[in-house]
Amino acid sequence: MSSLRRRLGALVGAVAVAATALTGCATGDDAVATGNGNQFVSPDGKTYLEYGPGDRKDIGDVRGENLLGGEDVSLGDYRGKVVVVNIWASWCPPCRKEFRELEKVYQETKDSGVQFVGIDFRDSRSTAQDFVRDRGVSYPSIYDYGGASLAALGTPVGVVPTTVVLDREHRVARVYLRAITEDELRDAVVAVAAEEAPGR
């Protein structure tokens, strides 16, 4: 087992603990969240993680209540698609700017087999609903106050916002433990979407 896999495997067990204590909001290059005596720090202090196809890890069954109502949202419904998962909250200032950029990249890439899904964490349901409606967000979000969906995602999530790019087999390809720019998100999504799809 590579040191990368060992490190990631050890982090998975800490994700649920970190998620339940999360109160931090990433505003710069530091990926640290503190609360209730617990602290999560990204691996080696990094705020960007990239995994090659041979080092990618499968995720769990990520599903949850649709923030805007209707049927539950499940990443399993997007099999064969690149999925961009954005962890956000209405109380997080960087999310306000980031949502515009996320929506723009989603509109540009969705016809290439790309799906975006938000995970709204530790938030007021009504405030979060107003947040996405006011910004015209067209992709769904899971309402995940307690962090169950984050635990199933199985990635080192410790700050809001965090963005995870999954390949077409729903393995973790990129992780941004900070706010992401439009250009870097577009570059990451295009690169992962261009990889050979399974079964070809």
Side-chain angles (χ1 to χ4, degrees), residues 8-26 31 33 35-36 38 40 42 49 51 56-92 94-95 98-99 102-103 106 114-133 135 137-180 185 189 192:
L8 185 58
L11 283 167
V12 169
V15 170
V17 174
T20 57
L22 177 61
T23 58
C25 186
N36 299 332
N38 294 313
F40 176 88
S42 71
L49 305 170
Y51 303 102
R56 292 178 186 171
K57 183 175 179 63
D58 294 327
I59 61 171
D61 182 18
V62 179
R63 64 174 61 241
E65 180 183 352
N66 191 322
L67 174 65
L68 297 182
E71 294 185 4
D72 285 357
V73 178
S74 171
L75 297 195
D77 292 338
Y78 307 120
R79 296 186 189 283
K81 289 189 175 185
V82 171
V83 178
V84 177
V85 182
N86 176 254
I87 293 91
W88 65 277
S90 62
W91 44 258
C92 176
C95 297
E98 191 179 59
F99 254 117
L102 288 162
E103 178 66 23
Y106 174 56
V114 176
Q115 177 65 46
F116 280 40
V117 175
I119 297 181
D120 178 37
F121 179 66
R122 283 291 174 97
D123 209 352
S124 158
R125 187 194 307 269
S126 60
T127 303
Q129 289 172 336
D130 290 342
F131 189 88
V132 296
R133 286 172 176 149
R135 286 159 179 78
V137 179
S138 61
Y139 55 84
S141 276
I142 295 171
Y143 182 65
D144 188 32
Y145 187 89
S149 297
L150 292 183
L153 189 60
T155 57
V157 176
V159 291
V160 173
T162 285
T163 300
V164 180
V165 181
L166 306 175
D167 65 18
R168 295 185 189 275
E169 297 180 64
H170 291 185
R171 301 174 304 170
V172 178
R174 309 278 194 279
V175 181
Y176 297 85
L177 294 155
R178 54 173 169 74
I180 190 169
L185 176 59
V189 171
V192 176

Output yes when a side-chain donor or acceptor of Asp144 lies under 3.5 Å from a complementary backbone atom of Leu150, and no otherwise. yes
For Ser141, enumerate each residue passing the side-chain contact (heavy atoms from CB on, under 4.5 Å) test, keeping only those at least two apart in sequence or located in another chain. Leu67, Trp88
Would you say the side chain of Ile59 lies within less than 4.5 Å of the side chain of Leu75, judging by non-hydrogen atoms? yes
Distance-minimising heavy-atom pair for Val82 and Leu166: CG1-O, 3.2 Å
For Tyr51, does its backbone N or O pair with a side-chain atom of Arg56 as donor and acceptor, under 3.5 Å? yes
Rounded at 0.5 Å granularity, tell me how far CG in Leu153 sits from OG in Ser149. 8.5 Å
For the backbone of Gly60 and the side chain of His170, can you confirm whether one donor and one acceptor N or O come within less than 3.5 Å of each other? no
Under the side chain to side chain donor-acceptor pair (under 3.5 Å) test, which residues partner Thr163, sequence neighbours left out? Asn86
Can you name the ring-ring contact (aromatic ring centres under 6.0 Å, His included) partners of Tyr78, sequence neighbours left out? none
Sequence-distant partners of Asp123, salt bridge (charged side-chain N to carboxylate O under 4.0 Å, His left out), two or more places apart: none
How would you list, by chain and number, every residue that makes a ring-ring contact (aromatic ring centres under 6.0 Å, His included) with Phe116, sequence neighbours excluded? Tyr106, Tyr139
Set of residues satisfying side chain to side chain donor-acceptor pair (under 3.5 Å) with respect to Gln115, sequence neighbours excluded: none
If you measure from CG on Asp58 to CG on Asp167, what distance do you get to the nearest 0.5 Å? 8.5 Å
Under the rule for salt bridge (charged side-chain N to carboxylate O under 4.0 Å, His left out), what residues qualify as partners of Glu65, not counting sequence neighbours? Arg125
The side chain to side chain donor-acceptor pair (under 3.5 Å) partners of Ser138 (sequence neighbours excluded) come to Glu103, Gln107
For Arg63, check salt bridge (charged side-chain N to carboxylate O under 4.0 Å, His left out) against everything at least two apart and list the hits. Asp61
Can you list everything that forms a salt bridge (charged side-chain N to carboxylate O under 4.0 Å, His left out) with Arg79? Sequence neighbours excluded, please. none
Can you confirm whether Leu185 sits close enough to Glu98 that some side-chain heavy atom of one is under 4.5 Å from a side-chain heavy atom of the other? no
